[in-house]
Protein chains: 2
Amino acid sequence: MNLPPLVETFVLHFGEMGGRWGVNRAVGQIYALLFVSDRALNAEEITDALGISRSNTSIALKELDAWRLVRRRHRPGDRRDYFETPEDVWQILRTLVEERRRREIDPTLSLLRDILLESPASTEERHAQARMGEMLELMELATRWAEDLQKLDNTSLRQLLALGAGVSKLLELKSKVPIFGSGARRRDTEESA
Amino acid sequence: MNLPPLVETFVLHFGEMGGRWGVNRAVGQIYALLFVSDRALNAEEITDALGISRSNTSIALKELDAWRLVRRRHRPGDRRDYFETPEDVWQILRTLVEERRRREIDPTLSLLRDILLESPASTEERHAQARMGEMLELMELATRWAEDLQKLDNTSLRQLLALGAGVSKLLELKSKVPIFGSGARRRDTEESA
DNA sequence: GCGATATTTTCGAAATTACTGAAATTCGGG
DNA sequence: CCCGAATTTCAGTAATTTCGAAAATATCGC
């Protein structure tokens, strides 16, 4: 591996961590490399920098593409693809949340909806359905939340994170201020806009 | 597999999905089974229900234990461990967020802190460090947010999720209401409590 | 301590997944 | 079209993970 020591440490770490979040080592390493690189890199450069095979690079890049975590760029007079990560880390966060939702939540959501349509044939099944119903409700909330997150601009997203548990204080406030309180909610928020 | 059809579908699905979030099939299946079961089950019952080997069950249960996703219970006059998931799906959500943070974020956080202490030896390294700094900042925010989440009660947590992007409206409101606006923040919130 | 029962560990086979090198395909410019 | 560079696909191999049987260990009541 032919990299500045500081970058190499980072790249190796991401390779290891890759396993914990469902991608292989090469995918993790390439992502890390592109993230800290000050320019877009082509597949050949990536292969050399990481000491992996060219085909491995190709497959890993395809995977990163599927996750929408890298962009392809082109240079005039050069047919090669150059890869880079988005500059904006907030955008990266949005993409991650979105993709994880799509892969980890959505398939289960539709399964749960299907199962809950069936009639239980026993007490056990009735209980099982009740539990699945609880899970569905929570997942639907989480999904909607993740969708909403996509719409927030960087500043709001940062504020939202920074707020943290403070949100409960804010929610108290909301219920105390008449025009934001519960009841006739839709109309009221329209008026306030 | 010896289960009501409705439950079997659910269990098989969780087995498949297990792969996508870093646990193996047996772990996913067992979790699903315990989640919908109306009583705690012992290792033998789990083994029979799922048609897997006893040792496989044992290892998978240990893994679920490490994730703190199951509880062990005991019955008087019975030495066997009985396993169950928490009743409260909100508590389950908290545990999941907490554990994923611990496994997926924390190790990277400390690596980033270490790397950022070193002096860059080149322009490349300087840029790399700058990027890592951005990542660190975002991860620290996310971490703090996840920690705060642990402290919210079920009602607040539900409200927080239900609020979604509405939070930005709420943040506007906050900045407009004098006593909650920026500046002398600590004093003001104390007064309002 | 002893026997009975439950749990954990060990280890080899089977299955899955990751990686490579070579061959095939695609693509832009003459 | 045809050439050559670049990329992707593919088949074989290597590495890792999963799985189950059996042995070893721990725990309880007696």
Side-chain angles (χ1 to χ4, degrees), chain A residues 1-2 11-34 39-67 70-84 103, chain B residues 1-2 11-12 14-34 40-67 70-84 103:
Chain A
M1 200 175 282
N2 188 20
V11 163
L12 289 175
H13 174 82
F14 260 64
E16 299 300 323
M17 292 303 287
R20 300 206 191 176
W21 63 277
V23 298
N24 66 37
R25 197 166 355 152
V27 173
Q29 290 185 351
I30 292 177
Y31 186 76
L33 177 63
L34 294 177
R39 61 190 181 86
L41 303 177
N42 65 43
E44 194 66 26
E45 291 170 323
I46 294 168
T47 300
D48 293 346
L50 300 181
I52 61 181
S53 75
R54 180 63 184 73
S55 57
N56 199 2
T57 302
S58 178
I59 291 169
L61 283 171
K62 189 154 61 170
E63 172 107 11
L64 283 171
D65 203 46
W67 276 88
V70 297
R71 276 202 302 254
R72 288 165 193 267
R73 298 191 86 76
H74 292 98
R75 299 182 180 187
D78 186 341
R79 287 203 282 112
R80 290 171 291 186
D81 285 338
Y82 285 77
F83 298 88
E84 64 180 12
R103 290 154 198 255
Chain B
M1 199 175 285
N2 189 21
V11 163
L12 289 176
F14 259 65
E16 298 300 324
M17 292 302 287
R20 299 206 192 175
W21 62 276
V23 298
N24 66 36
R25 195 162 358 140
V27 172
Q29 290 186 351
I30 292 177
Y31 186 77
L33 177 63
L34 294 177
L41 304 177
N42 64 44
E44 194 67 26
E45 291 170 323
I46 294 169
T47 301
D48 291 347
L50 301 181
I52 61 179
S53 78
R54 185 53 234 287
S55 64
N56 202 359
T57 303
S58 179
I59 290 169
L61 284 170
K62 189 154 59 169
E63 172 107 11
L64 283 170
D65 202 47
W67 276 88
V70 298
R71 275 203 301 254
R72 290 167 193 266
R73 298 192 85 77
H74 295 282
R75 299 178 180 189
D78 186 341
R79 287 203 282 113
R80 289 172 292 186
D81 285 339
Y82 284 77
F83 297 88
E84 65 181 13
R103 290 155 197 256

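Convention: sequence-line order gives letters A, B, ...; per-chain numbering from 1.
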Legend entry - CZ-CG distance between F83(B) and D65(B), expressed to the nearest 0.5 angstrom: 7.0 Å

Legend entry - 5'-most by nearest nucleotide on DNA chain D - R25(A) or A26(B): R25(A)

Legend entry - Value in whole Å for how far the C1' atom of dA4(C) lies from CZ of R80(B): 13 Å

Legend entry - 5'-most by nearest nucleotide on DNA chain D - R79(A) or I59(A): R79(A)

Legend entry - Phosphate-side-chain proximity, S58(B) and dT7(C), N/O vs OP1/OP2 below 4.0 Å: no

Legend entry - Contact under 4.0 Å: K62(A) side-chain N or O vs dT7(D) OP1/OP2: no

Legend entry - Sugar-phosphate, base or nothing in reach of D81(A), heavy atoms under 4.0 Å: sugar-phosphate

Legend entry - Rounded distance (Å) that lies between atom P of dG21(C) and atom CG of N56(A): 10 Å

Legend entry - Residue mapping more 5' on DNA chain C - nearest nucleotide basis, S55(B) or R54(A): S55(B)

Inset, instruction - Take atom CG of N42(B) and atom P of dT5(C), then tell me their distance rounded to the nearest Å. - result: 15 Å

Legend entry - Heavy-atom neighbours of N2(A) CG exceed 12 at 6.0 Å: no

Inset, instruction - Take atom CD1 of I46(A) and atom C1' of dC19(C), then tell me their distance rounded to the nearest Å. - result: 17 Å

Inset, instruction - Applying side-chain contact (heavy atoms from CB on, under 4.5 Å), run through V23(A) and W67(A) and close with a yes or a no. - result: CA-CA 10 Å; V23(A) 298; W67(A) 276 88; 3.9 Å; yes

Legend entry - D48(B) CG - dG20(D) P separation (whole Å): 13 Å

Inset, instruction - Rounded to the nearest 0.5 Å, what's the gap from CG on L41(B) to CG on D48(B)? Could you check? - result: 10.5 Å

Legend entry - Note: R80(A)-E45(A) ion pair, threshold 4.0 Å (strictly below): no

Legend entry - Most 5' of N24(A) and R72(B) on DNA chain C, judged by nearest nucleotide: R72(B)

Inset, instruction - Specify the separation, in whole Å, of atom CZ of R75(A) and atom C1' of dG28(C). - result: 18 Å

Legend entry - base_contact_polar (dG21(C) base, S53(A) side chain, donor-acceptor, <3.5 Å): no

